[in-house]
Amino acid sequence: MTAAGNAAPASGAADDAAGPNGADPSVMDGSSSSKVTVEYHDPSGLFPLIQNQLIPRLPLRNLHWKSPNRPLRSIDSLHVDLVPSTANVTVPGLSVPEGPSSTKSGPTSAEIVRPPVKERRHQIPGLRQTPYLKVYLLRCDDSETYKATARKQLREWVKAHTPPSQSSSSANTQENHDAFEWMILHVVLPNTPAASQPRGSMASAAGTGSTEKSSTSSRWTRGTSTIFEKIRADFNVASKNSPDRVAQVRLQKDGIPPHMLPVGAGSVSPPVNETPQEQEIIWNDVISKFKTLILLSFDLRVSQYEEDIREKDSQRALPGWNFCTFFILKEGLARGFESAGLVEDALLGYDELSVGLDSIIRDQANEGSEAGGTILNHSEDLYQRAVEILESSQKANGERQEVHPHFHDDTPINSRKKDYRGLILSNNISIFDFRCYIFARQMSLFLRLGNSHSARTDLAAKLQHQTPSGGIQRTQDDRNVGTGSGPASNESEDLLFLAELCSRALYFITFAARLLREDLLNGAKAHDMTLPERLIDNLVSSWTFAAAQQVLEETSTSSLPISKFTKDTTTSSSGKMRTFGKHGEEQKFSVAEPKTRIHPTRSSSLSHGRPSLADPPYAQPPASAQVVFENGQYQERLPHQGNTSQPQVKSGVQGLAGNRAQLLILERRVLEHIGKMLNWRIGWTAVIAEQNPQKEDLSDVDLNEPEEKSEQITSPKEAQDMTSSTVGLAAAALVNAVSSIEQFRDSYENLSDLIVKHYMAAGQMKSGESVLGDLAALRFELGDFAAAAAYFGRMASLFAESRWNFVQMIMLRMYAQCLKKLNRKDEYVRTLLDLLAKSASKRKSIRSSSKQTSAPDVSNDPKDWLDDDKVDTTGVFQELINFSEQLPYDMPVQMTKYFGDINVEPYVRHFDDKDGFQLRLQFRHLLEDEIEVKQAKVRLISATSAQGKEVWLESSDVTRVQTGVAKIWLSSNINTTGPYIVDKIVVETKRISFVHEPFIKTEVPTPLGITMSTSAASLRTAKKCRVLCFPRTEAFQARIYLSHFIHIDKQRSIEIECSSGWNDIQHAEIRLRSASAGLRLRTANTTVSSGDVIIADKPNPGVIGIQAMGPHTTACFRVPYELETILPELSIKIEVVYFTKNGQFQYLSSFKIPIDLPLDVNVHDHFKNDSLFSKFNIKTANNVPLEVLDVGLEGYGEFVVDAPRKFHGPIHVFPKQPISITYKIRKRPAKDPLDSKNIQVSESGCLALSVDYRCTNEDVLERVRQLFSNAIAHSPFSRLGRLLEWTFCDALEHRILPNQWEKSTLLDRVDIGSFGDLDWGECMDSLPHSIREDVRAWVQKFHEDHKLISLATCSDPTSLISGVAPPSPYPHRRIIITVTIPPTHILHTASLSLVSPDQPSVHSSAIAVVGKPLMASLRIKHTRRWAIPSSLVSAARLSSPDDPIEFVYIIEANPEIWLIAGQRRGHFTAKEDQEHTFPMVLLPLKSGSLLLPTVDIRARVKGAAEGDKKGGVEQLNCETDYLGYAECVMVVPDVRSSTVGVEIGGIGKGAVVWLESQGRGGEGEGVEVG
Amino acid sequence: MTGRVPSIACIGVIGKQNNPLHISIFSSPNNSSNTTTALEYEFLLSSCLDIFEARLPYKPADQDFGLLQAVDERLAMYGWLTNTGVKFVVVVDMEGREAPVNSKWTVGVGLRAADLKGVFKSIQTAYIALLRNPFYNPDEHTPAAATAEHRVGSTQITSRRFIQEVQRIGESWGVGVGSV
């Protein structure tokens, strides 16, 4: 009925849209917008009159549709397409405005044929553009007319248009597909009788039912009914359920053209004036009736479709079931949904159909059946076109200017490009077309859902079309219609849908590309010919590109500013094919809604296209610091894109950007592919091809070559090649790109640039980076090394972070090349080093893995496994070393990164003819290149002392190192003993020195200051790196010890004993360094104590230069020292540099010398009148027994010493057993007082005590050492003598001996313990394996033989008795201690002699009686013999030494014991040798053995008080030698006999009664006790 | 190009910290294994990680991420994420190998994500077998661990058995092969 009419406006709309919007002329199927058709029957030509009122009220809003098996759907807005019915009658004279029915132009090429649809529609109940609602526009000016004509007309119309469904609900299902509703709209013109009919009823009629009733009743009372009511009564079905189908509108007079007004209308009663409000209500009523009725018919149609689909679906298994038919049916439903604005439902429908198609094809493929209808495997038209292209290209013969037939246009995905539906219906569609169609439909739906600008403009254009191009309404329309569904929805494009579209498109396009290829191949096969593969390839590529481009353009949105940019670039790159009109339109569009953007468009240079090469994105600083977009949002988010704090934005914009980027990637790959066909390589391909040309199996093509070719069109063959290679390309951008390699690169760059921006916007940094990589490779290819370097450098580290080694390697390699080109030497070298480190580490791991498994397996690795570490660095090392010469400085690098198994063999090797030693450095060279090692060095540091001198070992000459284990002997001229640690290994090449420090001190100070223990690994290395150094037995040796002779009052000294060994020393230099604080070595006063050596000079403190020293000589030097503080021991480092004819050597050692004296000497003096007794006690000072060989006291000057008898042999002094020796010292009688006076003054009375002794510890140790060294000298290991001896002594000294000093001294033997007791382990470990066991056996044997070593001294020192230690080779020690005679001025010899004691015998003591007086006399003898006269004079303040001095004597006695009668204190003056006697009486008070009272004598010095005050004056020293000190008196009671009576019986039983006693005097004394 | 069926072009196992654990590239006549290809695949795998990341919030309950990205006409990447964050990526070449004689594959059918489920399950099985090896410590195969130990090399898996298993999986898969 109305099909033609329907089609016409739709196509017209499309064409109109194509006008201003050239980019996407027919993206949208004209019928696909959410629009329902409403047909109006307008016999009176009223439509133009109501149009102005009606259109603004459209689209319909807020429709709610509820179907039984679906949730409630809301349709926000529904556009209404008002279409005149075909039976429209226009009233003559009425100027019908240019209506939608008039077509402006013919059908476009895409608009193929509609008629078939019409013809076959009875068969295919597909989508109908049939009206959902038919409206009769009734003009009935008065009731008469109504009765006469209008009613009849209406009846006929209603009859004709009543859908059968309304009479019988489901009689004819076919018709339900076109179900529609009808409605009568009474248009009341002003100035007609109808207009003057009452308004009130009208107003209320629009209201609720109740008021309507009342109003009608009132009308009935009046007897007149309005026309409106009559119509209602006539046509509304009485049923409650049925809708109201009658409405009335009144028109205002001013809106009506005059010729429409009925003539003479004025005669009628005045019209009822309506307020605008009332009018609004009326119109609302009309609209709501529209909505109700449209939904009604929609519901009817949907249920009908669904029923049909169910039925068809159930027949699926039946033979003859045709998918195509089913498709059309189901699509009909989908389209129905779509037109009702239920786009999601429509999309769902298509999705189901797509899956259906899949399964059909799959079934057919699997079973080979034709079930479900045939689907062609090729499209005839595509084939035809391909053939055309082929022919024309052959004809054209390479002239590119000719316009080729195009395989596709800019929008390959278009549901209206072909009559797909027709093809489907005729079962004549290919898979490719089928899929294209479905996707095209889906795409349009997505675009609608996504509210993309293209969908909107399309819709807007379409709707715009309905409005007459009148003046005033135009703006109104623009506002309401042009913005589609209102400002609110216009603002937000639903980016999620766009993103989804992109992702689907990506899948579809790649899939369809394969289909297309298959299609073309099959097409050719069907025609028994073959199309050139190249052509097919190009066609497919071109199609792919164009399709991707189309989707990209459709989904460009202002929310994603770069998507707009897409167009700019593509336009600029393919400007020829595009009109600027479209561009302009695009601009306008984006400017039109600045406020609606979520993100403002960028204001950066990007929007006007990047200035060609000025700032490529990768040349900018790294992402962390980079402002990718100047828009604030991006700035903040991009650096930490992992943060999903903005999921909303991410989901939308980022998703879209990401998916678009993938589409762009697809485009770029197509481009690359085509480029490859042309032998144009780009990006990595090109760069890597250039890198290793020999490895590419494709012939390497110079990049400039194709360019030349394209210029040389003179050669027809080549030209033809060129054309044929590009023939079939239709996508504008592609055609443009392949025009020349510059263009190609340009397009590639533009695309990549875009991709990067998209990825950045999507927050997909990794993907973005990899594309940046391509760009950088391109830059590199073009020679812009600076930009490329910046990128590569950053990239390498980025990929290194997550260990993408392979990529990193390539990046590094590129980076290195760039750097080299840029002449950034330092970085270049570093990069190469990085590269090598990778390579080396790989090789290391291979080695370690091959160690685990059997070696040959390495080659059996699966070959396609992309070993991430596999790096080919052949030549790089060589390059590095050679290049390093250009470096201005040496560059130290870590050795472990490049070499494996670095290791210093801890076995010392000695030279055969000189001092010093060698160690072997061993490392594995992992890389391919042979390198030249200039020098290898190893630094040893002392393991024990922190300040020990470093020992450097160096290789002698240049070594060439090849892959594999390299062994280099390093030698040193240093002669030292002790454990050392390999601290540093340096392998020097030209300018690069590889440094390895095996023992890394990993002491990490914690905040609390606790140092962490070193890790187990480093300890292990420490052990491994220990080298026990020792010199040859014949080597130079030095020893420092405390001088054996000590004079206690003189400067002490150390002695240095140097033995030259086999060295014929020309000259040498001894450097001494004090390692103890406060020790000063007076090297300037060095003397040669023994040996035939001449000290040449002493240039500096601490340095002694000596002259020649023959071989096997020994020399001793004595160096005095001073101490600032008292130290128990001295640490001295000695370094002897000696020169022989073999060169310079160095002896290093450090000594700790104990300087505590091992003995203590006490002296006790006792003065007698004419002699002095001194007792010397000699003790050990440190618990070590001493062996005292001799003691002597030298008399001196006026003193004569009387020594006791000499003792035989040595005496041992034990800690608990000191020895004491007493000497008697007399004063030589002064012959000449003057002489003696002189001597006295000068010497002040000093004697020297000399003690010769040995310390047992030294002695034993020395003797045992001697024994051991003798033993070793006669063993086969004499050359290890120094080492073994050193170890042996060290262990003995510190571990074995200290606890047995006393024992060994007493027993004369020493227990050196077993082999296990001495710590031989370390020493043995330091020996090479070859001799280790032998040595161990020997040492064990020694221990077994010498467990106990006798220390017995044998008479003959030369004879060696096994098991007896030879006597110490060193002399005993001797110490001289000066002994001063204490200064005594005056000595009194006092004695208290009893005058009349009973003395039974000479030896017994005197007897006294208690209480009886005892006569005694005190005798005091005075002498000044011991005094030095001068000091006596000053102390006693005498005028001459012979002057008498006044003294006081005091007898001190315990008053309870002695009663002293007589002068207890007495004064006397005395002169030399004067003797005084004082009588006195003593009375003992107690019985017993009583000591006599003591006597104390003091001098009374004149003016002593003054002297004290003055101070500093020597006190007069007055000693008393009291002879009676120990004298006892036996005191007995004065009783001779006593009588005691014992009472027997009586009271006091047993009481003893003392009766009497008789005194010594003879007379008894009776005392009666009661 | 008729008569070609999809095959696996590359299998990548990527660790939790986005470090490559293993990459196997399966050569086909058109796809000779050389540096360029390797680089290309590495870039592809690396870009995949972005997609994993982007999709993670909408992650299906399953571990299967399905189609990650259709790279071009031929290559498509499919992803799988284990619970421990290890990612498996399979790159399928739609025209990877010559069709077997009785192949029912046609281009029109296309490949479904479900077709690859078996592959992923097998890879996962192989990976689990690897984890059960007491000498394989997954923590050692992380960049963090490598950095801590000053290792320069990659963190890839070197277990020969695992590599061979992946090889076997990659080579034996084809359309319609349920489990490999």
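When reading the values below, keep in mind they use all heavy atoms of this one structure, side chains included, and skip hydrogens, waters and symmetry mates. Everything numeric in this text was worked out from a predicted model, so none of it was measured.
The two residues B:L44 and A:R669 have their closest heavy-atom pair at CD2-NH1, 4.5 Å. Across every non-hydrogen atom of A:L666 and B:V71, the tightest pair is CD1-O, 3.4 Å.
In this structure, the portions of B:L45 lying under 4.5 Å from any heavy atom of chain A include both its backbone and its side chain.
Rounding to the nearest 0.5 Å gives a distance of 13.0 Å between OG1 of A:T510 and CZ of B:R74. Atom CG of residue B:L67 and atom CG of residue A:L506 lie 7.5 Å apart, to the nearest 0.5 angstrom. The structure places OG of A:S503 at 10.0 Å from CD1 of B:I51, a figure rounded to the nearest 0.5 Å. Between the CD atom of A:Q662 and the CE atom of B:M77 there is a distance of 7.5 Å, given to the nearest 0.5 Å. Atom CD of B:E53 is separated from atom OG of A:S767 by 9.5 Å, given to the nearest 0.5 angstrom.
Highest contact tally toward chain A, considering only B:V166, B:N19, B:L75, is held by B:N19 [criterion: heavy-atom pairs under 4.5 Å].
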